[in-house]
Each structure stands twice: as structure tokens, then as C-alpha cells.
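Keep in mind it's a predicted model, so treat the numbers as computed, not measured. Chain identifiers are assigned alphabetically (A, B, ...) following the order of the sequence lines, protein sequences preceding nucleic acid strands; residue numbering begins at 1 within each chain.
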Amino acid sequence: MKENFSRLRGFQDIFGEDLGYFELIEKTFRKYAKLYGFQEIKLPILERTELFVRGIGTSTDIVRKEMFTFEDRGGRSVTLRPEGTASVVRAFLENNLINLPQYSKIFYSGPMFRAERPQAGRLRQFHQLGVEWFGGDEPLIDFEVISMLNEILLELGLHDSTKIHINSVGCEICSPNYKEKLKTFFDENKEKFCDDCKDRREKNILRIFDCKNETCRVTLEKAPKTSENLCDTCKHHFDTLINLMTKSNINFEINPKLVRGLDYYTRNVFEVVFEGIGAQNAIAGGGRYNHLVEEFGGPYTPAFGFAMGVERTIIALKQKEIKLPEENSIAICTISENEIPKALEIAKITRGKGIITHILSYYGKISKQLKIADKLNVKYTIIIGEDEVKNNTVQIKNMLSGEQKSMKVEEITTLEI
RNA sequence: GCGGACAUAGCUCAAUUGGUUAGAGCACGAGACUGUGGAUCUCGGGGUUGCGGGUUCAAGUCCCGUUGUCCGCCCCA
């Protein structure tokens with residue numbers, strides 16, 4: 001019976017400690033996104049299927065088999081968004097944000113949906129925080145965005161356990177040549193590659209670098225590297241970024257095997273890896289996509305962005321045993337029901353000061369009320385009885401030390417929580 | 001989508017080769033304590049053993065299916 005109402009596989013309720021981490025991550029992300037001059041946008045969760053097919057690419061697994069797609073009442077094919085970038089680009093063009101310089105830098109947050117087999121760090125509904133920077137091809141932009149992400153990791157306390165992997169996948173000039181070169185190499189060593197890689201050769205040859213098969217890995221050691229096959233412009237672009245990175249304190253490494261799954265990436269791509277949270281160890285990833293705006297019918301508008309996965313970041317924070325900031329609160333207990341009006345009056349004062357206040361009178365006996373106050377982990381408990389009402393005072397008890405003293409009602413405003 | 005492991009009280013786990021009424025700790029509730037929490041003690045509530053079939057005199061235990069979780073592949077945040 002209970003079974004019929006249970007959550008769908010890969011979907012979850014987020015509350016308690018997890019929600020605390022969720023809010024911490026989102027708050028930190030928001031803070032830096034704003035400090036770096038990004039403007040927020042709230043996007044629809046449901047879009048036309050075609051948006052993602054065109055944006056993400058038909059060769060990707062996301063589009064081929066992981067989208068929640070269905071027909072709406074008007075017979076249109078619609079899809080729960082599997083990522084944010086396509087929608088941001090759509091909104092950017094649809095609202096003519098291209099003419100508003102303040103909207104060249106946009107950030108978003110929200111749930112994404114992919115119909116994958118769930119495992120740790122991989123859900124069907126998960127949350128991403130992302131930024132997109134439109135209208136510039138300078139490596140300084142790439143650097144600024146990566147720096148911002150680095151500052152977020154630093155503030156969250158994940159800085160020393162994460163590594164930023166960087167690579168360049170080239171542009172429309174050098175990438176096709178390189179892919180041909182790689183295919184030639186592949187065909188010369190065909191028998192050494194696994195079946196998955198043979199499939200990758202047809203779909204997206206670059207992905208053979210992601211293979212975990214040992215034989216494939218060894219074979220790939222001799223394969224032509226992306227970084228050695230860039231055109232002059234891409235190479236300069238990449239080198240300039242690496243130069244900036246080297247001069248900063250960012251913990252990064254050049255990973256010639258890093259390729260990204262989405263078709264729209266060009267030139268510099270990166271991924272933030274947190275070791276030790278299982279197979280799904282990338283907590284953020286992104287890169288440059290210089291032609292996506294054109295793909296949707298806009299003018300040439302180079303862009304750079306990334307998204308971070310909230311749930312994976314929560315796993316990382318928990319693993320590092322990062323403490324959540326405490327939220328102090330107080331409780332008001334009364335000896336009998338007669339003091340409830342007074343309790344309400346006091347609560348108005350404390351809540352007016354912005355203090356989280358629990359009135360516990362309905363728990364019955366004072367000993368019971370204090371027990372609840374203890375479990376709620378409140379900093380102070382205000383106790384009101386007959387005598388206190390008569391003298392317009394309260395008893396204020398420090399729940400940590402157990403000390404208790406009398407205080408005039410007017411003095412409550414001086415209470416420091 | 002493929003392969004593997006697991007599923008017992010709110011939580012963490014027990015339960016001989018299938019064999020009485022499925023136990024313990026923590027948590028929860030009541031009391032010892034009628035204007036004072038955390039400690040201790042006593043008592044108590046709580047389970048169709050994930051769900052559905054099957055084998056058997058007998059199933060938490062064996063078999064099949066199903067759902068969920070976890071791990072690997074795949075993919076990606």
C-alpha cells in the first residue's frame with residue numbers, strides 16, 4: 001500500500017542535514033556569482049524537446065537515451081531539462097539579452113532530469129548551479145570563471161581535496177583534422193580496443209580517452225594528443241589560460257585525456273574532480289562553446305560556462321566532515337497554561353529581534369518542556385510562572401551552562417543570541 | 001541499457017545445518033521527580049522480516065519475479 005505512493009526511483013526528498021548543506025552550497029555559489037557580476041535567471045523546467053536535441057547534440061547519450069520526453073496536451077514533444085546551458089542560450093536570444101551588456105553574464109540554479117540508472121552521486125532529478133558568460137573569446141574570461149569556481153571551493157572547504165583538470169578540445173578548424181588523425185590511429189590499433197571504444201569511434205571518437213579499460217588506456221598512451229594537434233589560435237588560447245592559471249594559486253593539472261560529453265564544447269574545457277566519492281567524482285564541469293548561439297540562429301557569440309552538481313558537492317562536504325553553521329534559537333516554557341498570554345507577548349519581542357523562538361507550553365509539565373528545549377538544542381530557555389507574570393520578569397536559563405537568572409521583560413531586547 | 005551485491009523496529013545490527021511467540025542497543029513514550037533539561041533506574045509502545053508468488057509438516061533463512069538501495073560498466077554534474 002505504502003509502495004504505491006513511494007518516491008520514483010532516482011528522485012529524492014531533501015531535508016534536514018542534507019538541506020543544510022544544499023543551502024550552504026547554493027548560498028556560497030550565489031555570493032560569488034554576484035561578486036563576479038553575473039545576473040540571475042530563472043528558467044522553465046520544461047522545454048521543447050528540439051531545444052535539447054539541437055543544443056546538446058544527437059550523438060550524446062543524454063539526448064539518445066536519458067531524457068524525460070513526453071507529449072503535452074497539444075501534442076508537442078516536450079522534455080524535462082537535462083541541463084541548463086541550452087535553456088540559457090534560448091532565453092538569451094528570445095529576450096534579446098544580447099543587447100543588454102549587464103546580461104552578458106548569467107547564472108542559474110535548479111533541478112535537472114536524466115533518466116539514468118541511479119547510483120551514488122547520480123540521480124534522475126539532481127540540482128545544478130551554473131554560470132554562462134557570453135560575448136568574449138579571451139582566455140581571461142575562461143580564467144575568471146575558473147577562478148570564481150575555485151573561490152567557491154575554497155570557501156566551502158573543498159579546495160585541498162579537489163583538482164581542476166584542464167584541456168583543449170580545439171575548434172572547428174583543428175578539431176576535424178585531429179579527429180581524423182585519431183580515427184587513423186584507432187584503425188591501426190583496432191584489435192586492442194574494447195567494444196565500447198569501437199562504438200565510441202562512430203559516435204564521438206574523443207570519448208575513447210574516457211575508457212577505463214586497462215588495455216585501451218595503455219594503447220592510448222601512444223595516441224595523438226589533443227594538446228599537440230591544436231591550430232595556432234587554439235594553442236595560443238590554451239597556453240594563455242595555462243599561463244594565467246600557473247600564476248594563480250589554483251590547484252590544477254593539464255589532462256590531455258579530458259574530453260566532455262556534450263557536443264557544443266570548443267577549445268578550453270575543464271572538470272573539477274573530487275577523489276573518493278565513487279565513480280561519479282566530477283562535482284563541476286564546463287568549458288567554452290563558441291558556436292552554440294549560432295546553432296540557435298543568433299549571431300556569432302563565443303561563450304564560456306560551467307555547472308556544478310549540488311548533490312555530489314554535498315557528498316564531498318560530508319566526506320570532508322565540514323560543519324554546518326549553527327542556527328541559534330530560544331525556547332519559551334510556562335509553568336501553567338495561565339502564562340501563555342505572557343509567552344506570546346515575549347515571543348513577539350524575540351521574533352521581532354530575528355530570534356528563532358519556540359513556544360513549548362503545549363508540551364505540558366515544565367520538566368517535559370525543558371526536555372524538548374534541550375532536544376531542540378536551543379541556546380536559552382525563557383521560563384515564565386505566576387511570580388514572573390506578577391513582577392513582569394522572566395527566568396532566563398542558559399542551556400549550555402545551566403545558569404539561570406531573573407530578567408525584566410524590557411531587558412529581553414538586550415539578549416544576544 | 002548491461003553485470004554484481006544487499007533489503008529484518010525510526011536508526012545500527014542479531015536470529016545455529018530451514019524449527020516455539022523474530023531479539024538487542026540507540027531513539028521514542030510513561031514513571032521515580034506536583035516551578036526546571038542533559039545522568040541513572042523501572043516499565044511500556046513499536047515488525048504482515050521491502051512487495052508478490054513458489055518449495056516444505058515448517059521460510060527472516062531455499063527458489064522465481066518485482067521494487068528500492070549500493071557497487072562496477074555506460075554516461076555525466
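- Residues A:Phe38 and A:Phe107 place their aromatic rings such that the two centres sit no closer than 6.0 Å.
- Under 4.0 angstrom from either OP1 or OP2 of B:rC75 there lies at least one side-chain N or O belonging to A:Arg200.
- Between the side chain of A:Gln119 and the base of B:rU69, no donor-acceptor pair under 3.5 Å is found.
- Atom CD of A:Glu66 and atom P of B:rA77 are 10 Å apart (whole Å).
- Between A:Asp210 and A:Lys257 there is no salt bridge, since none of the side-chain N atoms of the basic residue sits less than 4.0 Å from a carboxylate O of the acidic one.
- A:Ala373 comes within contact range of no nucleotide atom at all, as no heavy-atom separation falls under 4.0 Å.
- Within 4.0 Å of A:Gly402, counting heavy atoms only, lies at least one base atom of the nucleic acid.
- Atom P of B:rG3 sits at a distance of 32 Å from the matching atom of B:rU16, rounded to the whole Å.
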Checklist line | Verdict with supporting geometry, A:Val394 and A:Ile346, side-chain contact (heavy atoms from CB on, under 4.5 Å) | finding: CA-CA 9 Å; A:Val394 296; A:Ile346 306 289; 3.9 Å; yes
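- Rounding to whole angstrom units, CD1 of residue A:Ile335 and C1' of B:rU34 are separated by 11 Å.
- Heavy-atom nearest nucleotides on RNA chain B were determined for A:Gly286 and for A:Gly385, and the one closer to the 5' end corresponds to A:Gly385.
- At a threshold of 4.0 angstrom between heavy atoms, the contacts of A:Gln395 include nucleobase atoms, whether or not backbone atoms are also involved.
- Between A:Phe126 atom CZ and B:rA77 atom P the separation is 7 Å, expressed in whole Å.
- Position along RNA chain B of the nearest nucleotide to A:Leu400 versus A:His127 favours A:Leu400 as the more 5'-ward residue.
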Check: For RNA chain B, what string of dots and brackets results from 5' to 3' when Watson-Crick and G-U pairs need both distances under 3.5 Å, crossing pairs get [ ], and pairs with another strand get |?
Finding: (((((((..((((.....[...)))).(((((.......))))).....(((((..]....))))))))))))....
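- Residue A:Glu311 is classed as having no contact, given no heavy-atom separation below 4.0 Å to the nucleic acid.
- The distance between atom NZ of A:Lys371 and atom P of B:rG35, rounded to the nearest whole Å, is 17 Å.
- On the P atoms, B:rA5 is 11 Å away from B:rC63, given to the nearest whole Å.
- Note on A:Ile383: a base of the nucleic acid sits closer than 4.0 angstrom, heavy atoms only.
- Remark: A:Arg9 is in phosphate contact with B:rG68, judged by side-chain N or O atoms under 4.0 Å from OP1 or OP2.
- Under the 4.0 Å criterion applied to side-chain N and carboxylate O atoms, A:Asp187 and A:Lys183 are not assigned as salt-bridge partners.
- Between B:rA77, B:rU36, B:rG35, one nucleotide has an atom nearer to the side chain of A:Asp387 than all others, and that is B:rG35.
- Listed pair A:Arg122 / B:rA77 fails the phosphate criterion, with no side-chain N or O lying under 4.0 Å from OP1 or OP2.
- The residue A:Gly84 sits apart from the nucleic acid: no heavy atom pair falls under 4.0 Å.
- The nearest whole Å value for the distance from the NZ atom in A:Lys375 to the C1' atom in B:rG38 is 9 Å.
- Ion pair A:Arg76/A:Glu71 not flagged as a salt bridge, since none of the NZ, NE, NH1 or NH2 atoms sits closer than 4.0 Å to an Asp/Glu carboxylate oxygen.
- Taking the side chain of A:Leu370 as heavy atoms from C-beta on, and the options B:rG37, B:rG35, B:rC2, the nearest nucleotide is B:rG37.
- The pair A:Glu116-A:Arg124 does not count as a salt bridge, with every side-chain nitrogen at least 4.0 angstrom from each carboxylate oxygen.
- Among the protein residues, A:Met112 comes within range of no part of the nucleic acid, since none of its heavy atoms lies under 4.0 Å from any strand.
- Of the C1' atoms belonging to B:rU8 and B:rA24, the separation is 13 Å, rounded to the nearest Å.
- A ring-centre distance under 6.0 Å is found for A:Phe92 and A:Phe134.
- Interface residues of residues 355-369 of chain A facing RNA chain B, ordered by number: A:Lys365, A:Ile366, A:Ser367, A:Lys368; criterion, heavy-atom separation under 4.0 Å.
- For the P atoms, the distance from B:rC43 to B:rU21 is 25 Å, rounded to whole Å.
- A:Ile315 places its CD1 atom 13 Å from the C1' atom of B:rC71, with the value rounded to the nearest Å.
- Candidate nucleotides B:rC74, B:rC75, B:rC71 were compared by shortest atom distance to the side chain of A:Glu116, and B:rC75 ranks first.
- Salt bridge status for A:Arg30 with A:Glu26: present, with a side-chain N to carboxylate O gap under 4.0 Å.
- Within 3.5 Å, a donor on the side chain of A:Asp374 pairs with an acceptor on the base of B:rG37, or the reverse.
- Proximity of residues 210-222 of chain A to RNA chain B (heavy atom under 4.0 angstrom from any strand atom) is restricted to A:Lys212.
- Relative ring orientation between A:Phe68 and A:Phe113 is described as perpendicular, the plane-to-plane angle rising above 60° on a 0-90° scale split at 30° and 60°.
- For A:Lys27 and A:Glu23, the salt-bridge test fails: no basic side-chain N is under 4.0 Å from an acidic carboxylate O.
- Taking the C1' atoms as reference points, B:rU17 lies 38 Å from B:rC73, given to the whole Å.
- In this structure, A:Asn392 and A:Lys408 have side chains that are not in contact, with every pair of non-hydrogen atoms separated by 4.5 Å or more.
- The same atom, C1', is picked in B:rA59 and in B:rG18; the two are 6 Å apart, to the nearest Å.
- Annotation: B:rU40 and B:rG23 have their P atoms spaced 25 Å apart (nearest Å).
- Between A:Arg260 and B:rC75, a side-chain N or O to OP1/OP2 separation shorter than 4.0 Å is absent.
- If you take atom C1' in B:rU48 and the same atom in B:rC33, they sit 41 Å apart, rounded to whole Å.
- Neither OP1 nor OP2 of B:rC75 sits under 4.0 Å from any side-chain N or O of A:Gln280.
- Remark: A:Arg207 is not in phosphate contact with B:rC74, judged by side-chain N or O atoms under 4.0 Å from OP1 or OP2.
- Residues A:His127 and A:Phe22 place their aromatic rings such that the two centres sit under 6.0 Å apart.
- Within 4.0 Å of A:Leu129, counting heavy atoms only, lies no atom of the nucleic acid at all.
- A:Gln125 comes within contact range of no nucleotide atom at all, as no heavy-atom separation falls under 4.0 Å.
- With salt bridges taken as basic N to acidic carboxylate O contacts below 4.0 Å, one links A:Asp18 and A:Lys318.
- Rounded to a whole Å, the CD1 atom of A:Ile372 is 13 Å from the C1' atom of B:rG38.
- Between the CZ atom of A:Arg117 and the C1' atom of B:rU69 there is a distance of 11 Å, given to the nearest Å.
- Other residues, nucleotides and ligands place no more than 12 heavy atoms under 6.0 Å from the NZ atom of A:Lys190.
- Under a cut-off of 6.0 angstrom, the local environment of CD in A:Glu321 is sparse, with at most 12 non-hydrogen atoms contributed by other residues, nucleotides or ligands.
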